[in-house]
Amino acid sequence: MTEANPYQLAQVNIGRLKAPLDSPQLKAFVDNLDPVNADADNADGFVWRLEGETGDATDIAVFGDEWLIINMSVWRDTDALTAYMYQGRHREMLARRREFFERVQEAMVALWWVPAGHRPTVAEAESRLLHLRTNGPTPYAFTLRTLHPAQGAEPATALEIPDDLGCPA
């Protein structure tokens, strides 16, 4: 994408915790939240992330379920998001996600394009996830494996994501 692109990439991912955040089982996850978020904040192409009172989003309700936690951010483009996701501390924590989160069959990750400067809401993210679950990938909500271009952009190609790390299709 060019610098003049009027769109940025929003992403949401939610996870169903295996245990309370203050449990010994989730200690490694909780201990890495601030460093992983700092890595994102400093990553090339990072624009914004959802934060609650604690500086992360663990205290923000999603789908009215206290066992779900949300991560939502905006990035310059898919290249910036994937460069961050699949390196360093985030990659290490992503590889360990089954220690902390239940395996869920329904879509827990959605991507969509937003006008530059827009900050998505939790309600918007819930809508995108529900749409993806009901309709599969469309320009309204898609995954890294089923990319759709921003309006006026060239068609995107699906990314090759390692089976042990990526988002379910």
- Message: Run the side chain to side chain contact (heavy atoms under 4.5 Å, CB included) test on Leu144 and Leu147 for me, step by step, so that the C-alpha distance in whole Å, both residues' side-chain angles and the decisive distance to 0.1 Å come before the verdict.
- Response: CA-CA 6 Å; Leu144 284 173; Leu147 294 176; 4.3 Å; yes
- Message: Does Glu66 form a side chain to side chain contact (heavy atoms under 4.5 Å, CB included) with Leu17? I'd like the steps, not just the answer.
- Response: CA-CA 9 Å; Glu66 65 185 34; Leu17 296 169; over 6 Å; no
- Item | Trp75/Phe46 under ring pair (Phe, Tyr, Trp, His ring centres under 6.0 Å): CA gap, chis, key distance, verdict | CA-CA 5 Å; Trp75 295 81; Phe46 171 82; 5.3 Å; yes
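A distance-only check finds no donor-acceptor pair linking the side chain of Ser127 to the backbone of Ala123 [under 3.5 Å]. Between the side chain of Arg91 and the backbone N or O of Gly88 there is no donor-acceptor pair closer than 3.5 Å.
Both Val47 and Val122 are assigned to one and the same hydrophobic cluster, defined by single-linkage of ILVMFWY side chains at heavy-atom distances under 4.5 Å. When the side chains of ILVMFWY residues are joined at heavy-atom separations under 4.5 Å, either directly or via intervening members, Val109 and Leu132 end up in two distinct hydrophobic clusters. Linking Ile, Leu, Val, Met, Phe, Trp and Tyr residues whenever their side-chain heavy atoms come within less than 4.5 Å leaves Val12 and Tyr140 in two separate clusters.
If you check the side chains of Glu124 and Trp112, you find a donor sitting under 3.5 Å from an acceptor. Counted by atom type alone, Asn71 and Gln11 present one or more donor-acceptor pairs between their side chains at under 3.5 Å. No hydrogens or angles considered: nothing links the side chains of His131 and Glu126 as a donor-acceptor pair under 3.5 Å.
Closest heavy-atom contact between Gly52 and Asp59: CA-OD1, 3.4 Å. The heavy-atom pair separating Leu50 from Ala57 by the smallest distance is O-CB, 3.7 Å. Summarising the geometry of Pro120 relative to Val74, their closest heavy-atom pair is CD-CG2, 3.6 Å, with the distance given to 0.1 Å. Taking both residues in full, the closest heavy atoms of Ile69 and Thr58 are given as CG2-O, 4.3 Å, listed atom of the first, atom of the second, then distance. Across Leu129 and Ala107, no two heavy atoms sit closer than the pair CD2-O, 3.8 Å. Minimum heavy-atom separation, Met108 to Gly15: CE-CA, 4.1 Å.
Summarising the geometry, atom CD1 belonging to Ile70 is positioned 12.0 Å from atom CG belonging to Asp56; distances are rounded to the nearest 0.5 Å. Between Ile60 atom CD1 and Met72 atom CE the span is 7.5 Å, to the nearest 0.5 Å. The structure places CD of Glu102 at 10.5 Å from CG of Leu68, a figure rounded to the nearest 0.5 Å. Expressed to the nearest 0.5 Å, how far CG of Asn37 lies from CZ of Arg49 amounts to 4.0 Å.
Of the candidates Val36, Asn32, Asp39, His90 forms a side-chain contact (heavy atoms from CB on, under 4.5 Å) with just one, namely Val36.
Relative ring orientation between Phe142 and Trp113 is described as tilted, the plane-to-plane angle lying within the 30° to 60° band.
Looking at Lys18 and Trp67, their side chains never come closer than 4.5 Å, going by heavy atoms from C-beta outward. With contacts defined as side-chain heavy-atom distances shorter than 4.5 Å, the pair Asp44/Arg76 qualifies. In this structure the side chain of Tyr7 never reaches within 4.5 angstrom of the side chain of Val114, judged on heavy atoms. The side-chain heavy atoms of Leu81 and Leu111, taken from C-beta on, include a pair separated by under 4.5 Å. A 4.5 Å side-chain heavy-atom check between Arg16 and Phe101 finds every atom pair outside the cut-off. Here the side chains of Asp77 and Leu9 are not in contact, with every heavy-atom distance at 4.5 Å or above.
Taking a 6.0 Å sphere around CZ of Arg98, one finds it holds more than 12 heavy atoms contributed by other residues, nucleotides or ligands.
A salt bridge does not link Arg89 with Glu92: every distance from a Lys NZ or Arg NE/NH1/NH2 to an Asp or Glu carboxylate oxygen is 4.0 Å or more.
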